[in-house]
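Computed from heavy atoms alone, side chains included, the values below leave out hydrogens, waters and symmetry copies.
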Amino acid sequence: MQPTSSLATFNSRLAELMVKDFEKEAALMLPHSGQAVCDDFKQRVTAFHNEHYTPGIK
């Protein structure tokens with residue numbers, strides 16, 4: 001099933017925001033969760049961004 005254009009737009013924008021705010025989120029998580037959790041979070045954010053971000057969609 002192909003995502004609808006509104007879903008594609010939503011996912012693209014979400015991916016953009018997640019990457020933009022990653023450093024802030026990781027800094028908040030690190031003292032409580034540890035480096036391994038932050039590394040896993042970074043991998044998941046990067047994978048989501050690579051799959052869904054489309055620069056032309058706003």
Side-chain angles (χ1 to χ4, degrees):
M1 182 171 128
Q2 287 291 82
T4 64
S5 64
S6 61
L7 179 59
T9 301
F10 175 81
N11 283 338
S12 181
R13 183 69 177 131
L14 180 60
E16 181 181 5
L17 293 173
M18 288 173 69
V19 167
K20 176 184 168 201
D21 292 336
F22 168 76
E23 294 297 328
K24 179 181 170 185
E25 296 293 330
L28 293 171
M29 260 195 308
L30 184 59
H32 305 286
S33 302
Q35 189 63 49
V37 171
C38 289
D39 291 345
D40 184 56
F41 177 63
K42 181 177 183 176
Q43 287 178 340
R44 290 173 185 266
V45 167
T46 301
F48 186 84
H49 183 268
N50 290 342
E51 183 176 342
H52 294 288
Y53 180 64
T54 306
I57 294 179
K58 290 286 180 186

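Residues Phe48 and Leu14 form a side-chain contact, since some pair of their non-hydrogen atoms from C-beta on lies under 4.5 Å apart.
For Ser12 (side chain) and Thr54 (main-chain N/O), a donor-acceptor pair under 3.5 Å exists by modelled atom type.
Of all heavy-atom pairs spanning Cys38 and Met29, the tightest one is SG-CB, 3.9 Å. When all heavy atoms are compared, the tightest approach of His49 to Glu16 is CD2-N, 4.4 Å.
The same ILVMFWY cluster, assembled from side-chain heavy atoms under 4.5 Å apart, contains both Val37 and Phe22. Met18 and Leu30 fall into different hydrophobic clusters, defined by Ile, Leu, Val, Met, Phe, Trp and Tyr side-chain heavy atoms under 4.5 Å apart, directly or through other members. Linking Ile, Leu, Val, Met, Phe, Trp and Tyr whenever their side-chain heavy atoms come within less than 4.5 Å leaves Leu28 and Leu17 in two separate clusters.
Here the OH atom belonging to Tyr53 is positioned 14.0 Å from the OG1 atom belonging to Thr46, to the nearest 0.5 angstrom. If you take NE2 on His52 and CG on Leu7, they are separated by 8.0 Å, rounding to the nearest 0.5 Å.
Legend: salt bridge (charged side-chain N to carboxylate O under 4.0 Å, His left out) pairs involving residues 26-43, not counting sequence neighbours, sorted by first then second residue: Asp40-Arg44.
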